[in-house]
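First the structure, in the form of structure tokens, and then the observations on it.
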Amino acid sequence: MKTILDRISKHADAQTERGAVASYIPELASVDPKQFGMSVVMADGQSFSVGDAATRFSIQSVSKVFTLALALGRLGDQLWSRVGREPSGLPFNSILQLEHERGIPRNPFINAGALVVTDAILAGHQPREVLGELLRFVRAAAGDDDIHINKAVAKSETEHGARNLSLAHFMQAQGNFQNPPEMTCGTYFHQCAIEMTCEQLARAGRFLIGATGPSLISQSNVRRINALMLTCGHYDGSGEFAYRVGLPGKSGVGGGILMIVPNKASVAIWSPGLNAQGNSQLGTEAAEKFAEMTGWSVFG
Ligand code: GLN
């Protein structure tokens, strides 16, 4: 495994086409695009890392996996009356489909869907309680208490949050929002601003490995979340990721990808430059090389 990671890292270092760092959240625009890190944690706990795997980055939409786990645990199938389970085929922040489909987002991993999930777990709670619960979950999953929210990133996104607020207001108009849009969006911006290293994120992902990982959620929810990661985890790049990599993954505009090899391993990859779909450019290439070199795939 170490040899595989070294080769992937060497390949990444040699690339000149690294994509563009997200700039619509100004605090993320200054991240150095030359970074690349990757960590693999096996089902038995053994771990391997390479490159900038100990550098903290903004997990952004990777947080949607953790909030979905909390929401499914709390609400079960009730959640699916408010959000669908189909790939959207559109950018993560698109508002187009939402009007056609009467304020019911396609899936929990596009922004509109993740806002509904956060809105659902807020019910009857204060934002700080929900964020506290989320941090407890992520820290327990990673076995590491040194995981925090970067307040400057949350503030930066709040100041430039018009697009997410518009999604929330539209859903409110359609009767699919329970809390004030500012409150749910504020909570969502803070969840996205959680920072982790690849080492921490790969450890935090172990609860999704399946029977052999730590059991923080039910096995049926492990399978369901993995299915959604495979079909919707990379927005309008999900089909391409499934084709090229063949493993469930969830990306974020901070350049992180959490990838699960069912029954075998949890993998975190980070490189801040993004491709046209807002997924890590080098991270996606590394995921493809990793799948090729290990021969691991959910398709046998
Ligand atoms: N916080 C970001 C947003 O809402 C998350 C998007 C992402 O990581 N794809 O735009």
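Both ligands and their constituent atoms are indexed starting at 1 by order of listing. If you're wondering where the values come from, they're calculated on a predicted model, not measured in any experiment.
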Checklist outcome for this item: ligand 1 atoms nearer than 4.0 angstrom to some heavy atom of G252 are 8 (O)

Checklist entry - Should E199 and R203 count as an ion pair when the cut-off is N to O under 4.0 Å? => result no

Checklist entry - How far is atom 10 (O) of ligand 1 from its nearest protein heavy atom, and which residue and atom name does that atom have? => result Y24 OH, 2.4 Å

Item to check | Taking atom 3 (C) of ligand 1 as the reference point, the nearest protein heavy atom with its distance | outcome: E157 OE2, 3.1 Å

Item to check | Presence of salt bridge, K264 and D44, under 4.0 angstrom | outcome: no

Next on the checklist: Regarding ligand 1, does K64 bring an N or O atom to under 3.5 Å of one of the ligand's N or O atoms?
Outcome noted: no

Checklist entry - How does F189 reach ligand 1, by side chain, by backbone, by both or by neither, if only non-hydrogen atoms under 4.0 Å count? => result neither

Item to check | Atoms in ligand 1 flagged as close to F92, the criterion being non-hydrogen separation under 4.0 Å | outcome: 6 (C), 9 (N), 10 (O)

Checklist entry - Side chain, backbone, both or neither: which part of R163 comes within less than 4.0 Å of ligand 1 when only heavy atoms are counted? => result neither

Next on the checklist: Does any part of the side chain of Q178, heavy atoms only, come nearer than 4.5 Å to the side chain of L122, both counted from C-beta?
Outcome noted: no

Checklist entry - What atoms of ligand 1 come within less than 4.0 Å of a heavy atom belonging to Y188? => result 1 (N), 2 (C), 3 (C), 4 (O), 5 (C)

Item to check | From CA spacing to verdict: salt bridge (Lys or Arg N to Asp or Glu O under 4.0 Å), D6, K10 | outcome: CA-CA 6 Å; D6 284 341; K10 214 174 250 162; over 6 Å; no

Item to check | Derivation and outcome, salt bridge (Lys or Arg N to Asp or Glu O under 4.0 Å), residues E285 and K289 | outcome: CA-CA 6 Å; E285 286 171 28; K289 283 216 163 311; over 6 Å; no

Checklist entry - Considering only heavy atoms of Q60, which atoms of ligand 1 have at least one such atom less than 4.0 Å away? => result 1 (N), 2 (C), 5 (C), 8 (O)

Item to check | Side chain, backbone, both or neither: N111 near ligand 1, heavy atoms under 4.0 Å | outcome: side chain

Next on the checklist: Taking 4.0 angstrom as the limit and counting only heavy atoms of N164, give me the atoms of ligand 1 inside it, by number and element.
Outcome noted: 3 (C), 4 (O), 10 (O)

Checklist entry - Is it true that E86 and R106 have a side-chain N and a carboxylate O under 4.0 angstrom from each other? => result no

Checklist entry - Considering only heavy atoms, does S61 approach ligand 1 within less than 4.0 Å through its side chain, its backbone, both, or neither? => result both

Checklist entry - Are any of the N or O atoms of V253 closer than 3.5 Å to those of ligand 1? => result yes

Next on the checklist: To check you understand the geometry: which heavy-atom pair defines the closest contact between A141 and R206, and what is its length?
Outcome noted: O-NH2, 3.0 Å

Next on the checklist: Taking the side chain as everything from C-beta on, heavy atoms only, tell me whether N179 gets closer than 4.5 Å to T118.
Outcome noted: no

Checklist outcome for this item: Per-atom filter on ligand 1: closer than 4.0 angstrom to a heavy atom of C192 are 1 (N)

Next on the checklist: Whether D119 and R82 form a salt bridge (side-chain N of Lys/Arg under 4.0 Å from carboxylate O of Asp/Glu) is what I want to check.
Outcome noted: yes

